[in-house]
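Since the structure comes first, as structure tokens, the remarks are kept for the end.
As a basis for the values below, the full set of heavy atoms in this structure was taken, side chains included, without hydrogen atoms, waters or symmetry mates.
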Amino acid sequence: MNEIDAHFLKGVELFNRGAFFEAHEEMEEAMNLLEGDTSDWEFYLGMLRAAVANHKLEQGEVSSAQLHLRASLKFLEAYPDRHRGIKLREFRSALSAELARVEAGASVVAPPQIEMAP
């Protein structure tokens with residue numbers, strides 16, 4: 001496992017534990033290590049924005065969370081259903097459902113989980 005993958009997978013673990021700010025930090029570190037390889041830049045950015053969105057929801061910043069959820073979905077839409085070991089189709093679906101609940105004014109919105117593909 002390379003350093004990029006190590007930071008990214010740590011970010012996934014933190015996300016699934018509900019440590020969204022820390023997850024964002026790890027995913028950002030993975031992005032910083034990409035250097036000139038921008039082929040997966042939007043994937044990492046989409047995952048990072050999902051973490052930021054959930055951090056914003058924890059802080060009660062609903063409009064900011066909506067913005068980040070929409071951005072996350074936009075960045076992730078071009079990637080295949082399984083990407084970098086992530087069940088991305090399921091994650092996009094969960095993010096879409098989360099966004100719909102937030103937009104509907106739900107007072108409590110459970111964050112999605114990032115599932116790993118076998």
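- Between Asp81 and Lys87, none of the side-chain N atoms (NZ, or NE/NH1/NH2) sits under 4.0 Å from a carboxylate O, so this pair counts as no salt bridge.
- Note that NE2 of His68 is 9.5 Å distant from OG of Ser63, once rounded to the nearest 0.5 Å.
- A continuous path of ILVMFWY side-chain contacts below 4.5 Å connects Met47 to Trp41, so both sit in one hydrophobic cluster.
- No continuous path of ILVMFWY side-chain contacts below 4.5 Å connects Leu67 to Val109, so the two sit in separate hydrophobic clusters.
- Note on Phe21 and Leu69: separate hydrophobic clusters, where clusters join Ile, Leu, Val, Met, Phe, Trp and Tyr whose side-chain heavy atoms are under 4.5 Å apart, directly or indirectly.
- Rounding to the nearest 0.5 Å gives a distance of 11.5 Å between CD of Glu115 and CG of Leu88.
- For Phe15 and Phe91, the gap between ring centers is short of 6.0 Å.
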Q | Residue pair Phe8, Glu26: steps toward the side-chain contact (heavy atoms from CB on, under 4.5 Å) verdict | A | CA-CA 6 Å; Phe8 178 69; Glu26 287 293 332; over 6 Å; no
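- Here the shortest heavy-atom pairing between Glu77 and Lys74 reads CG-O, 3.2 Å.
- Nearest approach of Glu98 to Pro112, heavy atoms of both residues: OE1-CD, 3.3 Å.
- Side-chain atoms of Glu29 never come within 3.5 Å of backbone atoms of His7 as a donor-acceptor pair (strictly under, hydrogens ignored).
- Judged by distance alone, the side chains of Asp40 and His83 do bring a donor and an acceptor atom under 3.5 Å apart.
- Here the CG atom belonging to Leu48 is positioned 4.5 Å from the NE2 atom belonging to His24, to the nearest 0.5 angstrom.
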Q: Go through the steps to decide whether Leu73 and Arg70 satisfy the test side-chain contact (heavy atoms from CB on, under 4.5 Å), and finish with yes or no.
A: CA-CA 5 Å; Leu73 287 164; Arg70 286 187 201 106; 5.9 Å; no
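- Arg82 has a carboxylate O that lies under 4.0 Å from a charged side-chain N of Glu90, or vice versa, which qualifies the two as a salt bridge.
- Checked for salt-bridge contact, Arg49 and Glu42 miss the test: no charged N lies under 4.0 Å from a carboxylate O.
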Q) Should Leu57 and Phe20 be marked as a side-chain contact (heavy atoms from CB on, under 4.5 Å) after you check the CA-CA gap, both sets of side-chain angles, and the distance that decides it? A) CA-CA 10 Å; Leu57 280 175; Phe20 302 113; over 6 Å; no
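- Taking CD1 of Ile4 as the reference point, atom CG of Leu9 lies at 11.5 Å (rounded to 0.5 Å).
- Between the Asn16 side chain and the Ile114 main chain, a donor and an acceptor come within less than 3.5 Å of each other.
- Nearest approach of Ser72 to Ala50, heavy atoms of both residues: OG-CB, 3.6 Å.
- With contacts defined as side-chain heavy-atom distances shorter than 4.5 Å, the pair Lys56/Val52 qualifies.
- Met31 is connected to Ile86 through a chain of hydrophobic side-chain contacts under 4.5 Å among Ile, Leu, Val, Met, Phe, Trp and Tyr, so both are in one cluster.
- Salt-bridge annotation for Glu13 and Lys10: present, with a side-chain N of the basic residue lying under 4.0 Å from a carboxylate O of the acidic one.
- Contact between Asn2 and Asp5 at its shortest, heavy atoms only, is OD1-N, 2.7 Å.
- Side-chain atoms of Ser96 come within 3.5 Å of backbone atoms of Arg92 as a donor-acceptor pair (strictly under, hydrogens ignored).
- Tyr44 and Leu95 end up in the same hydrophobic cluster when Ile, Leu, Val, Met, Phe, Trp and Tyr side chains are linked at under 4.5 Å.
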Q: Kindly determine whether Val12 and Met116 satisfy side-chain contact (heavy atoms from CB on, under 4.5 Å), including the steps that lead there.
A: CA-CA 9 Å; Val12 168; Met116 302 305 291; 4.1 Å; yes
